Amino acid sequence: MINIALPKGRLGKKVYELFSKIGYPCAELEQDNRKLIFEDPAATVRYFLVKPSDVAIYVERGAADIGVVGKDVLEENRPDVFELMDMGFGACRMCICMPDGYKEDTDSVLRVATKYPNITKRYYKSINREIDIIKLNGSIELAPLLKLSDVIVDIVETGATLRENNMHPETAILSSSARLIVNKSAYRFKCGEIDDITDKLKPFIK
Ligand code: PRP
């Protein structure tokens with residue numbers, strides 16, 4: 001039995017489709033219901049539906065053997081897991097973004113709103129810029145528009161959210177995509193099965 005933490009939403013759907021193709025289908029998961037745990041009748045796989053930012057927590061603590069999570073989340077939380085492969089989808093960039101026409105005042109502390117305080121702190125430390133972090137949980141683009149912050153550090157995928165709010169990306173600080181991660185002790189005990197999964201996934205990865 002392999003336990004897989006699936007991120008809820010679009011990414012999870014894509015991940016499940018892949019796992020289903022390589023021999024881990026689970027008919028119950030394809031039904032429209034509110035369940036969070038799904039097991040196939042032959043008990044070869046159990047899927048958990050978790051919030052994308054929580055996938056690595058379930059895997060690090062062994063509640064799930066493997067999971068798929070964005071590189072951005074891995075860089076932010078640096079969980080103690082093995083990163084086995086780049087899944088080749090979910091590509092995006094983490095960027096410093098600002099309102100169009102914004103001019104930075106380098107003499108004052110820069111106010112930065114973000115969901116990613118650790119990545120943000122590390123980046124600004126590396127360029128010796130003093131900042132005040134404003135940690136938000138979503139709709140980050142609102143912060144500079146309401147003068148809550150000067151700039152934001154956020155994920156840019158298509159750039160549409162920025163454009164529609166008269167903002168633009170200035171500097172990319174990280175490239176992200178979905179990664180397959182595994183619990184360290186699960187990898188010792190189930191390495192045959194887990195290596196078999198990565199081998200079967202490889203032909204589907206672009
Ligand atoms: C993410 C991110 C940006 C948006 C970028 O937000 O924080 O707001 O997607 O995508 P785009 O470049 O394609 O417009 P998400 O949809 O996860 O919602 P959130 O505001 O709750 O973080």
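Computed over heavy atoms, backbone and side chain alike; hydrogens, waters and symmetry mates excluded. The first residue in the sequence is number 1, and the count goes up from there. Just so it is clear, the structure is predicted and the values come from calculations on it, not from any experiment. Whatever order the structure lists ligands and atoms in, that order sets their numbers, starting from 1.
The nearest protein atom to atom 7 (O) of ligand 1, hydrogens excluded, is given as Asp154 OD2, 2.7 Å; this is a heavy-atom distance.
Counting heavy atoms closer than 4.0 Å to ligand 1, residue Thr161 contributes atoms from both its backbone and its side chain.
Of the possible donor and acceptor atoms, none in the side chain of Ser177 sits under 3.5 Å from a partner among the backbone N and O of Ala91. When atom types are taken as modelled, the side chain of Asp154 and the backbone of Ile140 share no donor-acceptor pair closer than 3.5 angstrom. Checked by atom type and distance alone, the side chain of Asp105 pairs as donor or acceptor with a backbone atom of Asp107 at under 3.5 Å. Judged by distance alone, the side chain of Lys190 and the main-chain N or O of Met1 form a donor-acceptor pair under 3.5 Å. The backbone N or O of Ala186 sits less than 3.5 Å from a side-chain atom of Asn183, completing a donor-acceptor pair.
At a distance under 4.0 Å, a protein heavy atom can be found next to atom 13 (O) of ligand 1. Remark: atom 22 (O) of ligand 1 lies closer than 4.0 Å to at least one protein heavy atom. Protein heavy atoms are absent from the 4.0 Å sphere centred on atom 9 (O) of ligand 1. Within the 4.0 angstrom cut-off, atom 2 (C) of ligand 1 has one or more protein heavy-atom neighbours.
Considering only non-hydrogen atoms, atom 19 (P) of ligand 1 lies nearest to Ser139 out of Cys95, Gly159, Cys92, Ser139. The closest heavy-atom contact to atom 6 (O) of ligand 1, among the options Lys115, Glu157, Glu164, Arg163, comes from Lys115.
A single hydrophobic cluster is not seen to contain both Ile66 and Leu74; linkage of ILVMFWY side chains at heavy-atom distances under 4.5 Å, directly or through other members, places them apart.
Residue Tyr47 comes nearest to Tyr24 through the heavy atom pair OH-O, 2.6 Å, listed as atom of the first residue, atom of the second, then distance.
Residue Ile155 has at least one heavy-atom neighbour below 4.0 Å for each of these atoms of ligand 1: 2 (C), 3 (C), 5 (C). The Glu141 neighbourhood of ligand 1 comprises atoms 3 (C), 8 (O), with distances under 4.0 Å to a heavy atom of that residue. Using a 4.0 Å cut-off to heavy atoms of Gly138, the atoms of ligand 1 that qualify are 19 (P), 20 (O), 21 (O), 22 (O).
Checked by distance only, ligand 1 and Thr158 come closer than 3.5 Å through their nitrogen or oxygen atoms.
Under the 4.5 Å side-chain criterion, counting only non-hydrogen atoms from C-beta, Glu76 is in contact with Pro117.
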